[in-house]
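What follows is a set of notes on a single structure, which appears directly below.
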Amino acid sequence: MKTLRLLTTLALGGGLALGAYWSSNEGRWSVHAEVTPAAAPAGTPLYYRDPSGAPLWSAGPKKDDRGRDYLPVYDDDKAAQAEPKPPQAASSRKILYYRNPMGLPDTSPVPKKDPMGMNYIPVYEGDDVDDGTVKLSPGKIQRSGVKSEPVARRPVRVLVKAPGTIQLDERRVSVIAMRAESFVQKIADVTTGSRVKAGQPLMEIYSSAVASAAAEYLATITSKTVGGVEIYGRGSRQRLINLDVPERVIAEMERTHVAPVTIHWSAPRDGIVLERNAIEGMRANPGDVLFRIADTSLVWALVDVAERDLGNIAVGQSVAVRARSFPGRSFTGRIAVIYPQVNRETRTVRVRIELANPDAMLLPDMYVDADVDTADGAPVLAIQDSAVLDTGTRQAVLVDKGDGRFEPREVKLGRRGGGLIEVRDGLAEGEAVVTSANFLIDAESNLKAALKSFAEAAPQASDAGHATGEHK
């Protein structure tokens, strides 16, 4: 069948056209309706938008990832200028206003489109209340891992850690020195580091001054004239005491009435020989130290506490001391003295801890670590330390108000320890605070505050321009 088509068609608009055809078989004209592409409006396009309706645009012609051409948008495009229908509300709540879909500080009381053709998003009553809270959707809360915990009263166990060393108790150190010129006749089998008992012989000393005083004392107490009168022998006996002659030696002279040639010097206390300077046959001048003995049954731990922890410690607090030489073992003591001086280089304070050392395991200058327990045991209002957002100048928490709403609130904190922080002001018992992913909510809050400040600043700038007569 051969068909001839006329060269002209009648356009009806909207892409619909009528065409006339001649049929050689039927010998008559026929009219046929067909859809033809609508003519593009005249003029230069303002921009080109994504053909799928996505919020994407381009200043020039472009293709999407499927190879489709971006659609031109003209200044006289009726579809672009047509006012969009308000979206149907998802619930019966009242729509307060419409906000910019790109998050810009721009709102509208009626539905509208932005320059890229995207509809403004409705904000319902209760979604954006200006009460300082942040609202998150249930999906965002679940994805972020937000967790809340009620504020409760519990004891805050604060441990102050400080390093230190073991030192001898100054009150338990004895020195053996001669008070008159003497000679060392013999020394017992005692060396530096030997452990001695009180009264154990250390050496034999000959001193002419001691021998003269002993002979005078014996002459007085054995005299037939004054021997029975105690007051006459009191002066010569006091002379022996002043020469540091042991009381045991004086009592032996009174019993036997014999003045010894040499004096047996013994240990004044139980302890360890820290220093031995005596040598057989040596001459000892007055004041020369021959032996130095220390009792180590009670020692000191001198630790350096940081200046910031000084307010948490007090005399009498219990301290657990661990020696690095004996891992797993702890020694218990108490704070005896807090030295009234701060080290200007290390910003620390010296603290003295008295420790019992019955088995002599703690040795002088041994390194130790002290844990000072400052807890008083009384329960206080406390939260987890992960709930606090600390900027350095202020501390805040996020209070869970329910229904996905979170309120930033400034708090005043107290002691810290054991993963807990004491809350002195800003929270009440039973209120829920965010303990996990609170930094994400804080970021949301900061973004919201920034957008709100921009929105408030825009009208002020506009009013200022009108007041000064500035026009663009």
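Side chains are part of it too, since the values below use all heavy atoms of this structure and drop only hydrogens, waters and symmetry mates. Predicted model, so just to flag it, every value in this text is computed and none were measured. Counting begins at 1 with the first residue of the sequence.
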Q) Can you name the residues that form a salt bridge (Lys or Arg N to Asp or Glu O under 4.0 Å) with Glu431, not counting sequence neighbours? A) Arg409
Q. How would you list, by chain and number, every residue that makes a salt bridge (Lys or Arg N to Asp or Glu O under 4.0 Å) with Arg308, sequence neighbours excluded?
A. none
Could you tell me whether a side-chain N or O of [X] sits under 3.5 Å from a main-chain N or O of [Y], the two making a donor and an acceptor?
X: Tyr47; Y: Pro115; result: yes
X: Asn285; Y: Asp288; result: no
X: Gln317; Y: Asn312; result: yes
X: Asp114; Y: Met118; result: yes
X: Arg276; Y: Ala278; result: yes
X: Asp270; Y: Ala198; result: yes
X: Asp295; Y: Gly271; result: no
X: Thr107; Y: Arg99; result: no

Q. Under 6.0 Å from the CD atom of Gln341, do we count more than 12 heavy atoms belonging to anything else shown?
A. no
**Q.** Approximate separation, where rounding is to 0.5 Å, of Leu71 CG and Arg49 CZ
**A.** 5.0 Å
Q: Working to the nearest 0.5 Å, report the span between CZ of Arg172 and OG1 of Thr296.
A: 9.5 Å
Q) Do Leu420 and Asp385 come within less than 4.5 Å of each other through their side chains, counting heavy atoms only? A) no
Lys/Arg-Asp/Glu bridge criterion (N-O < 4.0 Å) met for [X], [Y]:
X: Glu422; Y: Arg416; result: no
X: Asp169; Y: Arg171; result: yes
X: Glu149; Y: Arg154; result: yes

Atom pairs and distances, side-chain donor-acceptor, residues 319-327, under 3.5 Å, sequence neighbours left out:
| from | atom 1 | to | atom 2 | distance (Å) |
| --- | --- | --- | --- | --- |
| Arg322 | NH1 | Asp371 | OD2 | 2.4 |
| Arg324 | NE | Asp369 | OD2 | 3.3 |
| Arg324 | NH2 | Asp369 | OD1 | 3.2 |

With sequence neighbours excluded, residues passing side-chain hydrogen bond (donor to acceptor under 3.5 Å, both in side chains) with [X]:
X: Glu275; result: Asn277
X: Ser330; result: none
X: Arg292; result: none

Q: Dump the intermediate steps for side chain to side chain contact (heavy atoms under 4.5 Å, CB included) on Val397 and Val434, then the final yes or no.
A: CA-CA 7 Å; Val397 297; Val434 179; over 6 Å; no
Q. Run the side chain to side chain donor-acceptor pair (under 3.5 Å) check on Ser318 and Arg334 step by step: do they pass?
A. CA-CA 5 Å; Ser318 177; Arg334 292 191 176 275; 5.0 Å; no
